[in-house]
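In what follows, a structure is listed as structure tokens, so that the remarks can point back to it.
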Number of protein chains: 2
Amino acid sequence: MESRLEKRVSNTGLRLTAQRRIIARAICLIEDHPSVDEIHRKALETNPNISIATVYRTLRLFEELGLLDKHEFNQSRARYEEATENHHDHLIDIETGKTIEFHDKEIEALQKEIANENGLRLIGHRMELYVRPLGS
Amino acid sequence: MESRLEKRVSNTGLRLTAQRRIIARAICLIEDHPSVDEIHRKALETNPNISIATVYRTLRLFEELGLLDKHEFNQSRARYEEATENHHDHLIDIETGKTIEFHDKEIEALQKEIANENGLRLIGHRMELYVRPLGS
DNA sequence: GTGAAAATGATTATCATTATCGTTATCACA
DNA sequence: TGTGATAACGATAATGATAATCATTTTCAC
């Protein structure tokens, strides 16, 4: 079945090659913001010849087209997710790396206010909450 | 004159070598969260033989001792600042890289609340506001 | 002063990501 | 349906920040 992301790729008029299709599908199949090599490994299950170079290229392309969001939760290892029209931030379990998405209008209003108080215009932000399960 | 950071280094009982002294001083001399090689360049002005390896080692050491905070505002290039007892976050000018520090209790309370609502304990956070001058 | 332990400098290794380049696939058009 | 221009691919090398290694030098307690 065609994944959401595949559909969006074809809507851009971009060549929907076998590799791009497989990579798009792989991202949808993996839970929770996969890393580049998780995506590569999943893609290899369908086509064992897909190159890591193609994965990097394709992810960058999808990101530039606004189809994917790239996160750098820790300095060395990007993670991707399908872009959604409504922005959100992340809670990140510092043991497992699992994430939970959230959105808080009140915080965002305060952020804008802080920028304005400093004579600046807020263009974007990054907010990550590092957490642990309550009983640990 | 001895910098704040030099004093703090000697208080740890750590050997206050010439290189550590120079690196500590360099950090204090540079405005606004210097990068590793900005610190290295500044240190070279005092001793043209200081190795980049020593700079990396020393910064990591100071950070582990809690004397410095390390920031990864962008994935590729850490920046350091003297640790202060009171935590703060940053506004970052996306053109120049200049930073402004801020602290907002209201936001922090909301962050804790969000973690708790999800059955999680907030351990830390990262919040960066990307900004531009108002008239641009 | 001496010797063990720590620190340094030079260099190499690592790791994620990007660039290169020769080959292959795709697509518009004949 | 064939063809040629162009885009995409795969393999691999290059890059850039940081970490590790190791031989040499410095430090400090005695």
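Below, chain A is the first sequence line, B the second, and so on; all start at residue 1.
Contact check for B:Leu65 versus B:Val9: no side-chain heavy atoms found under the 4.5 Å cut-off. Looking only at side-chain heavy atoms (C-beta outward), A:Arg126 and B:Phe73 stay at 4.5 Å or farther from each other. When side chains are defined from C-beta on, B:Ile23 does not count as touching B:Leu5, because their heavy atoms never get closer than 4.5 Å. Looking at A:His103 and A:Asn86, their side chains never come closer than 4.5 Å, going by heavy atoms from C-beta outward. Side-chain contact check for B:Leu14 versus B:Arg20: some heavy-atom pair is nearer than 4.5 Å. Side-chain contact check for B:Arg8 versus B:Phe62: every heavy-atom pair is 4.5 Å or farther apart.
Distance CZ (B:Arg77) to P (D:dT15): 16 Å, rounded to an integer number of Å. Here D:dA8 presents its P atom at 11 Å from CZ of A:Phe62, a figure rounded to the nearest Å. Spacing between atom CD of A:Glu72 and atom C1' of D:dA17 amounts to 14 Å, rounded to whole angstrom units. One can place CG of A:Leu59 at 12 Å from P of D:dC9, the figure rounded to the nearest angstrom. The separation between A:Leu61 atom CG and C:dT18 atom C1' is 15 Å, rounded to whole Å. A:Tyr80 has its OH atom 14 Å from the P atom of C:dA16, to the nearest Å. Rounded to whole Å, the distance from CZ on B:Arg60 to C1' on D:dA17 is 13 Å. In this structure, the CD atom of A:Gln19 is 9 Å from the P atom of C:dA25, given to the nearest Å.
Residues of residues 8-18 of chain B having a heavy atom closer than 4.0 Å to DNA chain C, listed by number: B:Arg15, B:Thr17. Contacts between residues 28-49 of chain B and DNA chain C, defined by a heavy-atom separation below 4.0 Å, involve B:Asn49, listed by number. For DNA chain D, the neighbouring residues in residues 50-58 of chain A, judged by any heavy atom under 4.0 Å, are A:Ile50, A:Ser51, A:Ala53, A:Thr54, A:Arg57.
Exactly one of A:His71, A:Glu38, A:Glu81, A:Arg79 qualifies for a side-chain hydrogen bond (donor to acceptor under 3.5 Å, both in side chains) with A:His33. That residue is A:Glu81.
Picking from C:dT17, D:dA20, C:dT8 the nucleotide with the shortest atom distance to the side chain of B:Arg20 gives C:dT8.
Think of A:Leu91 as one node in a network of Ile, Leu, Val, Met, Phe, Trp and Tyr side chains linked at under 4.5 Å; its network also takes in A:Ile100, A:Phe102, A:Ile107, A:Leu110, A:Ile114, A:Leu120, A:Leu122, A:Met127, A:Leu129, A:Val131, B:Leu91, B:Ile100, B:Phe102, B:Ile107, B:Leu110, B:Ile114, B:Leu120, B:Leu122, B:Met127, B:Leu129, B:Val131.
Residue pairs meeting the salt bridge (charged side-chain N to carboxylate O under 4.0 Å, His left out) criterion with at least one member in residues 55-75 of chain B, sequence neighbours excluded, are B:Lys70-B:Glu72. Residues in residues 90-119 of chain B take part in these salt bridge (charged side-chain N to carboxylate O under 4.0 Å, His left out) pairs, two or more places apart or across chains: B:Glu95-B:Arg132.
With 3.5 Å as the limit, one finds no donor-acceptor pair spanning the side chains of A:His90 and A:Thr99.
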